[in-house]
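Start at 1 with the first residue, then count along the sequence. Quantities reported herein were computed from a predicted structural model and do not represent experimental measurements.
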Amino acid sequence: MHDLEGRGYIVTGAASGIGLGACRRLVSAGAAVAMLDRDIGKLTAEAADLASRGTAFAIGCDVADEDSVTAAVAESAARLPSVAGVCTSAGVFEAPDLHDLEDLDMAVFDRVLAVNLRGTVLVLRAVLPLLDAGGSIVTVASTAGLRGHGYGMAYTASKGGVVALTRRTALRYGPKGIRVNCVCPGATAGEGLGSVFDDEQTAAQASADLPLRRIGQADEVGATIAVLLSDDTSYVTGQILAVDGGMVIR
């Protein structure tokens, strides 16, 4: 992915998990990365680590807040050599979301959609005017948005919304030369949602039902994101790619 060298990318949810995995891959390929997250402490530490190996910097951002997104994207554009693409990895899950629909607290539903779906919309809306032909967007949904399984009603609905949003955005902006694709991770170890797989028994049970018989790693999903942002996939758009060890073919 030599074409990434010298280009600038914005990554949300960059302090941990898949977002951080994408940042690591991008920096290792020579890209400059604006790392956005609301966890300022961890974000600053991770950005400093990546800055020792390339160009990366931290910008505090709450993707559910329109003003925060507008300011963070503007700062990113001012500090990056260019804005060639964006990865929208910021996402949340709340334990009360696991209730059945008739018992779901709508405040929980609203909070989850505010980050996972509305946050994706806000980031794309802010970044799209900065992209020229050849620009690339990668959204992050989940296999839950493909199969209806997983982490609760709000989480599943929000990720299904990201899938549909990706297709619509790809259709609308393809004539401008901008590619838009979606990555749907399956069982992925790491911080946040992935911490459930720190338990060996949970990881073993989940792995037993996967064709590849193992849990994925955040850096593996990050590698897929980096490829989709690069010119190596210059004729790929509107695609929903499960990075899941084969989960969706079960």
Side-chain angles (χ1 to χ4, degrees), residues 8-23 26 33-44 46-47 56-80 83-94 97 107-131 135-142 144-145 151-152 154-166 168-169 173 180-185 188 190-194 218 221-222 225 228-229:
Y9 294 90
I10 298 171
V11 179
T12 69
S16 61
I18 290 167
L20 179 57
C23 291
L26 290 167
V33 182
M35 302 172 64
L36 278 55
D37 204 290
R38 64 184 181 184
D39 186 344
I40 302 299
K42 190 167 192 319
L43 181 68
T44 301
E46 295 294 354
F57 51 86
I59 299 177
C61 179
D62 178 356
V63 299
D65 183 274
E66 184 174 356
D67 290 341
S68 179
V69 170
T70 299
V73 170
E75 182 178 348
S76 299
R79 296 177 65 180
L80 289 169
V83 179
V86 61
C87 169
T88 59
S89 183
V92 297
F93 160 74
E94 295 195 13
D97 186 26
V108 172
F109 184 87
D110 290 343
R111 286 196 300 270
V112 172
L113 263 72
V115 174
N116 296 0
L117 182 54
R118 186 173 186 271
T120 300
V121 171
L122 290 175
V123 172
L124 295 190
R125 190 178 68 167
V127 171
L128 274 163
L130 305 176
L131 299 181
S136 182
I137 292 169
V138 178
T139 61
V140 179
S142 167
Y151 292 96
Y155 183 85
T156 300
S158 70
K159 295 303 186 178
V162 170
V163 168
L165 175 68
T166 301
R168 175 58 189 161
T169 308
Y173 289 89
V180 190
N181 294 288
C182 179
V183 166
C184 291
T188 307
E191 297 161 292
L193 286 176
V221 184
I225 291 168
L228 288 171
L229 288 172

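Contact between A84 and L131 at its shortest, heavy atoms only, is C-CD2, 3.7 Å. Of all non-hydrogen atoms in S158 and N116, the two that sit nearest each other are OG-ND2, 3.1 Å. Listed here is the closest heavy atom pair of A154 and D97: N-OD1, 2.8 Å. Between A72 and L36 the shortest heavy-atom distance is CB-CD2, 3.7 Å. In terms of heavy atoms, A141 sits closest to V163 at CB-CG2, 3.9 Å. Considering every non-hydrogen atom in both A114 and R118, the closest pair reads O-CB, 3.4 Å.
Distance CD/E75 to CG/L80: 10.0 Å, rounded to 0.5 Å. The OG1 atom of T44 sits 9.5 Å away from atom CE of M35, with the distance rounded to the nearest 0.5 Å. The CG atom of L130 sits 9.0 Å away from atom OG of S76, with the distance rounded to the nearest 0.5 Å. Taking CG from L20 and CG from D37, the interatomic distance works out to 9.5 Å, rounded to the nearest 0.5 Å. Expressed to the nearest 0.5 Å, how far CG of L113 lies from OH of Y155 amounts to 12.0 Å. Of the inter-residue distances, the one linking D39 atom CG with C61 atom SG reads 13.0 Å to the nearest 0.5 angstrom.
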### Query
What do the steps show when you test L26 against L229 for side-chain contact (heavy atoms from CB on, under 4.5 Å), and what is the final call?
CA-CA 9 Å; L26 290 167; L229 288 172; 4.0 Å; yes

### Query
Hey, mind stepping through V63 and L122 against side-chain contact (heavy atoms from CB on, under 4.5 Å) and telling me if it holds?
CA-CA 7 Å; V63 299; L122 290 175; over 6 Å; no

### Message
Assess the residue pair T12 and V69 against the criterion (side-chain contact (heavy atoms from CB on, under 4.5 Å)); give the C-alpha distance rounded to whole Å, side-chain angles, the decisive distance to 0.1 Å, and a yes or no.
### Response
CA-CA 10 Å; T12 69; V69 170; over 6 Å; no

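In summary, of the residues considered (T166, T169, T88), a side chain to side chain donor-acceptor pair (under 3.5 Å) with T139 occurs for T166 alone.
More than 12 heavy atoms of other shown residues, nucleotides or ligands fall within 6.0 angstrom of atom CZ in R79.
At least one side-chain heavy atom of I225 sits under 4.5 Å from a side-chain heavy atom of V140. Two residues are said to be in side-chain contact when any heavy atoms from C-beta on lie closer than 4.5 Å; L165 and T120 meet this criterion.
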